[in-house]
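Beneath this line is the structure, given in structure tokens, with notes to follow.
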Amino acid sequence: MENETKTVVPNFIRTIIDEDLKSGKHAHIVTRFPPEPNGYLHIGHAKSICLNFGLARDYSGRCHLRFDDTNPVKEDVEYVDSILEDVRWLGWDWKEHLYYASDYFDQLYAYAELLITEGKAFVCDLSFDELREYRGTLTQPGKNSPYRDRPIAENLDLFRRMKAGEFPEGSKSLRARIDMASPNLNMRDPVFYRIKKTDHHRTGDSWMIYPMYDYTHCISDALEMITHSLCTLEFEDHRPLYDWFLDALPVPSHPRQIEFARLNLSYTVMSKRLLLEMVKAGHVQGWDDPRMPTIAGLRRRGFTPESIREFADRIGVAKASSMVDYDLLNFCLREDLNKCALRRMAVLDPLKLTITNYPDGQTEDLEAENNPEDESAGNRQIKFSKHLYIEREDFMQEPVKGWFRLAPGKEVRLKHAYYIRCNEVIKDADGQITELLCTYDSQSRGGWSEDGRKVKGTLHWVSVAHAVPIQVRLYDHLFTIPDLSDIPEGKSYLDYINPQSLKINELAVAESSLAEAASGEKYQFLRLGYFAVDPDTTKDKIVFNRISTLRDSWAKKQKNTK
RNA sequence: UGGGAUGUCGUCUAACGGUAGGACAGCGGAUUCUGGUUCCGUACGUGGGGGUUCAAAUCCUCCCAUCCCAGCCA
């Protein structure tokens, strides 16, 4: 990755960093990616990961990976593990800079006592409902809590007893003394410690109280000497609080929070809550279902880390909410795989084709390049014989204008093999085409002839005797509409799940070299698309996921003329 | 209707007072043993009204639209 020499496109965050470096405010930058381990990472997180780690790389700074694990009720080690794996898989290295907010619990607690001592925080006995009432509304100011002016000593005592587990959950909270009349609700004496008698996945049962995000995040950033703390737009309103805590405490630094727009991708959802729902309700088969926008899903589908990083670069970063076209992701995938995926032949919807003038029982080995974009990928042998399969779609009884695939009387090239001409069409009682009888030109071995004859159509094919049956999973968008944030009243995103998002093809056959295909390998099936071997693959059944199709200008043309 | 933010080709994103550029998508063409790739060409945009200025996407002003905020979630 260090070799990626690309022209960096400017953005507002780089502008800020450039200024901070130039002015001497910072000698080097420190960023961080701070996931909460309460779900799997998705491509929206990938944007943030690539942003933070990418900035650190480009500016020779560093990027921390820090788990924001302050709510044991929602968090789990399963998620910690998956996040670690996903970030690593994406190609990033946090080196020794792996942190957990829970590592700061002691320091955080000490700071809280300090805030109390300085009269900047108080223990409040208001219940959830009362608190909501006292908070006021968007247009009306809130009211001071009756406990707001408790003596410092009492606050301290109560807080210590909260810590000791003397009070039930919800009965007390620690709040900052700021301003109940603030137009910013976050500043209306926000709660920043609550009682939760839940075991934490790292600290076990040692804590009865847990600090909240607004308090924890800014201090964690400060302790780690983060210079630029990047987060999404919805935290803009929290920045005053971020700054308030840091101003109120003797922290070693005061990072700058900068907000950017989160990624929205067309035809999918990007909320952990919704994704979790999809998993739980069985609309998909798990977090790593190849239709999911999760890193795990994309990985299983066959997307490469390179393509996702490229995608993250290309979408850029700005403050305006936006929705990125899924086609850009496809483009990045194709761009990457075109360079490195080995070419193979497979037929998804086989139609039998017999070469009548080819010797019975003969088999030939034909030479085929593995990748026209990369000579070093070498060649392989493919088996040719009298009986073949071609794609049913590649034959048309009565060809339309512009058709240059197979049709009665027409000559086409079988890729890497021979020119053939179709002489006869065999149908069953229902009129279904069951077989094509063709003749081949033995002089065109390798798919080329000396006479300069123009044969425009080239088909992929598989020898019947050597065909390896495969299962192919064809995917489409998870949802039927591009913008899931724009759902009419009374409808749910569930109403827009695409029932066609997965089609399983059991008819497909592949050339013999694919018999040993191993999980995770990616190929281009000639003229069909990019495919990855799914982990469901067993010795008896090879399973391929279609990652994406190839561009298809013929299909496009047909669509346009209709 | 309080506060915070944002409006640039269909989409994403540059331009920071001086020719509105790039990418994806689109369209057209060339090359091609993948109707792939590659290459070339082409169309398309500053939310609106006022103002400042020789000059405005950029500065001022009014308006409009969209997004976020009333968890002891992050």
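Below, read A as the first sequence line, B as the second, and so on, with proteins coming before strands; counting in each chain starts at 1.
In this structure, the ring of Tyr213(A) has its center less than 6.0 angstrom from the ring center of His217(A). Here Tyr418(A) and Phe384(A) bring their ring centres to under 6.0 angstrom of each other. Taking the six-membered ring for Trp, Phe544(A) and Phe525(A) have ring centres closer than 6.0 Å.
Looking at residues two or more places apart in sequence or on another chain, you find a side-chain contact (heavy atoms from CB on, under 4.5 Å) between Thr458(A) and Arg413(A), Lys415(A).
No side-chain donor-acceptor contact under 3.5 Å links Tyr493(A) to the backbone of Ile487(A).
In plain terms, the two heavy atoms of Phe167(A) and Leu158(A) that are nearest each other are CE1-O, 3.6 Å.
The side chain of Arg132(A) sits closest to G71(B) out of A74(B), C72(B), G71(B). Closest to the Pro183(A) side chain, of the nucleotides U32(B), G3(B), C72(B), is G3(B). Residue Val191(A) places its side chain closer to C72(B) than to any other of U37(B), C27(B), C72(B). Across U6(B), U1(B), A70(B), the shortest atom-to-atom separation from the side chain of Ala320(A) is found for U6(B). When distances are taken from the side chain of Lys456(A) to each of A74(B), U32(B), G35(B), the shortest belongs to U32(B). Which of G36(B), C73(B), G2(B) sits closest to the side chain of Leu185(A) comes down to G2(B). Nearest nucleotide to the side chain of Thr139(A), out of U32(B), U1(B), C72(B): U1(B). Nearest to the side-chain atoms of Arg405(A) among the listed nucleotides G4(B), G35(B), G2(B) stands G35(B). Closest to the Glu236(A) side chain, of the nucleotides A70(B), A74(B), G4(B), is G4(B). With C72(B), G35(B), G36(B) as the choices, the nucleotide that has an atom nearest any side-chain atom of Phe404(A) turns out to be G35(B).
For Asp552(A) and U34(B), the CG to P distance is 14 Å, given to the nearest whole Å.
Taking the six-membered ring where the residue is Trp, Tyr79(A) and Trp287(A) present perpendicular rings, their angle passing 60° and hence far from 30°. Relative orientation of the Phe404(A) and Trp554(A) rings is tilted, given thresholds of 30° and 60° on the angle between their planes.
Using a 4.0 Å heavy-atom criterion, one finds that Thr137(A) contacts the bases of the nucleic acid, with or without backbone contacts as well. Glu373(A) comes within contact range of at least one nucleobase, with a heavy-atom separation under 4.0 Å. Counting non-hydrogen atoms under 4.0 angstrom, Gln524(A) reaches a base of the nucleic acid. Within the 4.0 angstrom heavy-atom criterion, no nucleotide atom of any strand lies near Gly142(A).
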*asked:* Can you build the contact string for nucleotides 14-25 of chain B? Use B for base contact, S for sugar-phosphate-only contact, and - for no protein heavy atom under 4.0 Å.
replied: S--------SSS
*Give the B/S/- string for nucleotides 40-47 of chain B, one per nucleotide from 5' to 3', where a protein heavy atom under 4.0 Å of the base yields B, of only the sugar-phosphate yields S, and otherwise -.*
--------
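By the 5.5 Å and 30° criteria, Tyr213(A) is not stacked with the base of A74(B).
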_What does the 5'-to-3' dot-bracket notation of RNA chain B look like when only Watson-Crick and G-U wobble pairs under 3.5 Å count, and pairs to other strands show as |?_
.((((((..((((....[..)))).(((((.......)))))....(((((..]....))))))))))).....
Protein-nucleotides 63-68 of chain B N/O pairs under 3.5 Å:
none

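Checked against Tyr215(A) for a ring pair (Phe, Tyr, Trp, His ring centres under 6.0 Å), the options Phe192(A), Phe105(A), Tyr242(A) give a single hit: Phe192(A).
Judged by a 6.0 Å distance limit and a 45° cone about the ring axis, Arg344(A) is not positioned over the six-membered ring of Tyr523(A). Under the 6.0 Å distance and 45° angle rule, Lys196(A) does not count as a cation-pi partner of Tyr210(A).
Screening residues 317-348 of chain A for ring pair (Phe, Tyr, Trp, His ring centres under 6.0 Å) gives Tyr326(A)-His477(A) as the qualifying pairs, with residues at least two apart or on separate chains.
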